[in-house]
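Contents: one structure, followed by commentary.
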Amino acid sequence: MPELPEVETVRRALDARLRGRVVCGVAVGRPTFYRRPPAVALKALEGGRVAGWRRRGKYLLLDLEGRGSVVFHLGMSGRLTIGKDGPHARLSFRAGDDEIFFHDARRFGRVGGPLPALGPEPLDPGFDASVLRAVLRGRSAPVKALLMDQRLIAGLGNIYASEALHLAGVRPARAGGSLTRAETASLAAACRRVLELGVSLGGSTLDDESFLDPLGRPGRMQERVKVYGRRACGTCGGPVRDTRRPIGGRSSPHCPRCQS
DNA sequence: ACGAGTACCTGGCAGC
DNA sequence: TGCTGCCAGGTACTCG
């Protein structure tokens, strides 16, 4: 599932490869996206020169010289590949000698449209304990739901939120406002650490096909995961449990021994 | 403003 | 073996 580290991995590959090239041959596949790319976005793409690829939270922005930028979101099954067609290709375009495909089996991905308002970037230097404290203060919602709310903090999904909470020793169901100063500081640092680790390892590929970079390479973060998708805690070896009630409709794996 | 719930979509898998 | 049905998850929406 593409979260911040996976999206950043994609960004780096595309930025290195496509910068300075002119986009042409934009083609929308059939069936297309659940939300069809706006015509204005397709028009901006066609004939535009790539100034670079940026990332904001889990969003990718393709900057085109003199034409603004086109927003991409991978949803949960989206992939951008260099030169690899497939049955779920929703959009394709050429850039120099390469053909780029946007694949999306489950059709949650998006191309075009505005970038929504997003919370701070957890890997920005300004993201510290006081920023997280302002996010959690007075909130009764589970801390994990708050970590995954993109309007509050940009980039964490179920995997990295679960891992950050485990590293910080905080249970996912705890009310956001119940964290002590020390726990909040620990959690802010944990968010940074798991995301930095994820980026440095090229993202997480939990099962064979779940995430591959644009050149088809898997990530290695799954080797370092402590709770997500595991039966036994990677720290103490005890059983990984889920919360009785789903948080934000999602599973919330945690270790009752390591997390309080 | 906040928290909870649900729709969207479909590959993959559990259960029969 | 083949069928059914449910789950996964990020975002956007509604409702109280």
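Basis for what follows: all heavy atoms, side chains included, without hydrogens, waters or symmetry-related copies. Values in this document were obtained by computation on a predicted structure and should not be read as measured data. The sequence lines fix the lettering, A, B, ..., with proteins before strands; numbering per chain opens at 1.
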Test side-chain contact (heavy atoms from CB on, under 4.5 Å) on S204(A) and I159(A); report intermediate values, then the result. CA-CA 9 Å; S204(A) 53; I159(A) 297 174; 3.9 Å; yes
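Nucleic acid contact for R107(A): sugar-phosphate only, since backbone atoms but no base atoms lie under 4.0 Å from a heavy atom of the residue. Using a 4.0 Å heavy-atom criterion, one finds that Y34(A) contacts the sugar-phosphate atoms exclusively.
Separation of atoms CG (L147(A)) and CG (L152(A)) is listed at 9.0 Å; rounding is to 0.5 Å. For the atom pair CG of L187(A) and CZ of R174(A), the computed distance is 10.0 Å after rounding to the nearest 0.5 Å.
Each side-chain hydrogen bond (donor to acceptor under 3.5 Å, both in side chains) pair with one or both residues in residues 103-112 of chain A, not counting sequence neighbours, appears once here: S77(A)-D104(A), T81(A)-H103(A). Contacts classified as ring-ring contact (aromatic ring centres under 6.0 Å, His included) and involving residues 10-50 of chain A (residues at least two apart or in different chains) are given here: F33(A)-F102(A). Screening residues 11-21 of chain A for side-chain hydrogen bond (donor to acceptor under 3.5 Å, both in side chains) gives E8(A)-R11(A), E8(A)-R12(A), D15(A)-R19(A), R17(A)-D98(A), R21(A)-D98(A) as the qualifying pairs, with residues at least two apart or on separate chains.
R241(A) meets the salt bridge (Lys or Arg N to Asp or Glu O under 4.0 Å) test with no other residue; sequence neighbours excluded. Under the salt bridge (Lys or Arg N to Asp or Glu O under 4.0 Å) criterion, R217(A) pairs with D213(A), sequence neighbours left out. A search for salt bridge (Lys or Arg N to Asp or Glu O under 4.0 Å) contacts involving R54(A) returns D63(A), not counting sequence neighbours.
L147(A) has its CG atom 13 Å from the P atom of dG10(C), to the nearest Å. Counting to the nearest Å, the P atom of dA8(C) and the CD1 atom of I247(A) are 13 Å from each other. Atom CG of L74(A) is separated from atom C1' of dG10(C) by 11 Å (rounded to the nearest Å). Between the C1' atom of dC7(C) and the CZ atom of F108(A) lies a distance of 12 Å, rounded to the nearest Å. Between the CE atom of M76(A) and the P atom of dC7(C) there is a distance of 14 Å, rounded to whole Å. Between D149(A) atom CG and dA4(B) atom C1' there is a gap of 13 Å when expressed in whole angstrom units. The distance between atom CZ of R106(A) and atom C1' of dG11(B), rounded to the nearest whole Å, is 5 Å. Atoms NZ (K144(A)) and P (dA4(B)) sit 13 Å apart, rounded to a whole Å.
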Please produce a list of atom pairs where a protein N or O lies less than 3.5 Å from an N or O of nucleotides 1-3 of chain B.
| from | atom 1 | to | atom 2 | distance (Å) |
| --- | --- | --- | --- | --- |
| dG3(B) | OP1 | S140(A) | N | 2.7 |
| dG3(B) | OP1 | S140(A) | OG | 3.3 |
| dG3(B) | OP1 | A141(A) | N | 3.1 |
| dG3(B) | OP2 | R139(A) | NE | 2.5 |
| dG3(B) | OP2 | R139(A) | NH2 | 2.4 |

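Of all non-hydrogen atoms in A44(A) and V70(A), the two that sit nearest each other are CB-CG2, 4.3 Å. Of all the heavy atoms in A188(A) and F127(A), the pair that sits closest is O-CE2, 4.0 Å.
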Scan nucleotides 11-16 of chain C nucleotide by nucleotide, 5' to 3', and note B when protein non-hydrogen atoms come under 4.0 Å of the base, S if they reach only the sugar-phosphate, - if neither. BS----
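Residue whose closest nucleotide on DNA chain B sits further toward the 5' end, between G249(A) and H88(A): G249(A).
Grouped with L118(A) in one hydrophobic cluster are Y59(A), L61(A), V71(A), L115(A), the linkage being side-chain heavy-atom contacts under 4.5 Å among Ile, Leu, Val, Met, Phe, Trp and Tyr residues.
Within residues 219-227 of chain A, no residue has a heavy atom under 4.0 Å from DNA chain B.
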Check residues 194-201 of chain A and write down every donor-acceptor pair under 3.5 Å in which the side-chain atom is one partner and the other belongs to a residue at least two apart or another chain.
| from | atom 1 | to | atom 2 | distance (Å) |
| --- | --- | --- | --- | --- |
| S200(A) | OG | E196(A) | O | 3.4 |
| S200(A) | OG | L197(A) | O | 2.8 |

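Rounded to 10 degrees, the angle separating the terminal axes of the helix from dC2(B)-dG16(C) to dC16(B)-dG2(C) is 50°, with each axis obtained from five end pairs.
The residues E121(A) and R55(A) are annotated as salt-bridged, a charged nitrogen and a carboxylate oxygen being separated by less than 4.0 angstrom.
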